[in-house]
Amino acid sequence: MGTQENEQAGGTGRRMLLGAAVLGAGGAVLGLSGTAKAAEARHGGGGGGLKSLPKPTIIGHRGASGYRPEHTLGSYQLALDMGADIVEAGDLVPTKDGHLVCRHEPEIGGTTDVAAHPEFADRKKTKLLDGVSTTGWFTEDFTLAELKTLRATERIPANRPHNTLYNGRWEIPTFEEVLKWQDEQTRKRGKQVWIYPELKHPTYFRKLGLGLEERIAKVLHKHGKDRRTSPVIIQSFEPTSIQRLNKLVDNPLVVLLSGPTTRPWDFIETGDPRTVADLVKPAGLREIASYAQGLGTTLDLIIPRDANGNLTTPTTLVNDAHKVGLLLHPWTMRNENPFLPANFRKGTDPDAYGDVFGAYKTYFATGIDGVFTDNPDTGVLAREDFVNG
């Protein structure tokens, strides 16, 4: 997920998730009441594909990034252990030789130890990335073999110093490695593991001759995961990228939307004057529903904040999207004070946890279908509270 501020065996396994919330990496199980099971049944517990997912769906944002460096197999693994229904694995960017790898951005100075590698010092560049001057090291300037010599580090150490304990432990995974990991975990756990990859900066990479859509379609087809019921949901901030994907694969597709005054970068490039505020109007939603199954929006598009950062009145977006058949998976819930609405913060410590359960309850009450979270264990417990009333 960006920060412009990602079957048969799975049906039964996922239907059981609202009956048993997994608590922490230790895997202790807390049974839910009949109320929870009834609520799950009302929300499409039967069948394959998207309908097999419990609601609200808990999506591990870049894995369990509240506890491990993001977009690593360690972060993805922990998200599953904590009970996430889907793992956002990962944000996909290409290498120089055309492989898809999992990084939050193509610039990797903030998420790897590349700066500590003198052999790559001359790779540091300043580029224009979707109109923003960005200095650092970029995946498209490295072969896969070169990237594999690097190790992942914590992206926001100021907020999560505890995560730096794991700096250097994991390498950068490829998308193919993630798909193999998905299959291994599905076999081991006896239930279908879902992933939610995001295509990063499609227009930027297409101009470099590294089109993302064709690459992910080829890999998904190779692994037999390009069907409507496949446990792979694909997302992008560029609507035209999702439209292109709609012609290449049958996977569930999601359009990501940032703040109301912003414009998708592909719109800027093609001169489309519409903003996100236009896209969330009924006409815009109907258009999106013609080629996608869902929306991944900022939480502020669900419930805006006032000038002081407090939540105000919910918008009509959830109902409007549901009317045209679109799911809503907003982003991103995080436990720490700075990331919460002001009225759910506790104390003044920026690293301390706030009243995140209160925030979840408020957002769940709007009828959203799921949420991205850096802390899947918290999200699972919050869902338990919500479905049990």
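Remember, predicted model here, so these are calculated numbers, not experimental data.
Using modelled atom types, one finds no donor on one side chain facing an acceptor on the other under 3.5 Å when comparing Q182 with W194. Y67 and D374 form no side-chain donor-acceptor contact under 3.5 Å, judged by distance and modelled atom types alone. Using a 3.5 Å distance cut-off with no hydrogens or angles, the side chains of T57 and D85 do not pair a donor with an acceptor. No donor-acceptor contact under 3.5 angstrom links the side chains of T164 and E154, judged on distance only. Side-chain contact of T270 with D272: a donor-acceptor pair under 3.5 Å is absent, judged by distance alone.
Contact record, I233 with P197: O-CD, 3.0 Å, taken as the closest heavy-atom pair. Between L279 and P239, the shortest heavy-atom distance links the atoms CD1-CG, 4.5 Å. The minimum heavy-atom distance between I172 and E177, with the atom names listed, is O-OE1, 4.2 Å.
Take K281 and apply the salt bridge (charged side-chain N to carboxylate O under 4.0 Å, His left out) test, not counting sequence neighbours, and it matches D278. The salt bridge (charged side-chain N to carboxylate O under 4.0 Å, His left out) test applied to E107 returns no partner, not counting sequence neighbours. Listed by chain and number, the residues in a salt bridge (charged side-chain N to carboxylate O under 4.0 Å, His left out) with K346 amount to none (sequence neighbours excluded).
Within the model, atoms CG of L147 and NZ of K96 stand 11.5 Å from one another, a figure rounded to the nearest 0.5 Å.
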- Query: Between E198 and S236, does a side chain to side chain donor-acceptor pair (under 3.5 Å) hold up when you go through it step by step?
  - Reply: CA-CA 5 Å; E198 176 188 345; S236 175; over 6 Å; no
- Hey, mind stepping through R244 and R206 against side-chain contact (heavy atoms from CB on, under 4.5 Å) and telling me if it holds? CA-CA 12 Å; R244 183 175 282 111; R206 184 163 292 278; 3.2 Å; yes
Under 3.5 Å, sequence neighbours excluded: what are the donor-acceptor pairs made by side chains of residues 349-361?
unit_1, atom_1, unit_2, atom_2, d
D349, OD1, D351, N, 2.9
D355, OD1, G358, N, 3.0
Y360, OH, T373, OG1, 2.8

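Grouped with I156 in one hydrophobic cluster are F339, the linkage being side-chain heavy-atom contacts under 4.5 Å among Ile, Leu, Val, Met, Phe, Trp and Tyr residues.
Contact check on D320 versus R286 returns no salt bridge, with no Lys/Arg side-chain nitrogen under 4.0 Å from an Asp/Glu carboxylate oxygen.
The ring-ring contact (aromatic ring centres under 6.0 Å, His included) pairs that include a residue from residues 111-130 are H117-F120, F120-F142, where partners are two or more places apart or lie in different chains.
Between H71 and Y76, the ring planes are perpendicular. Angles over 60° get that label, and only those under 30° would be called parallel.
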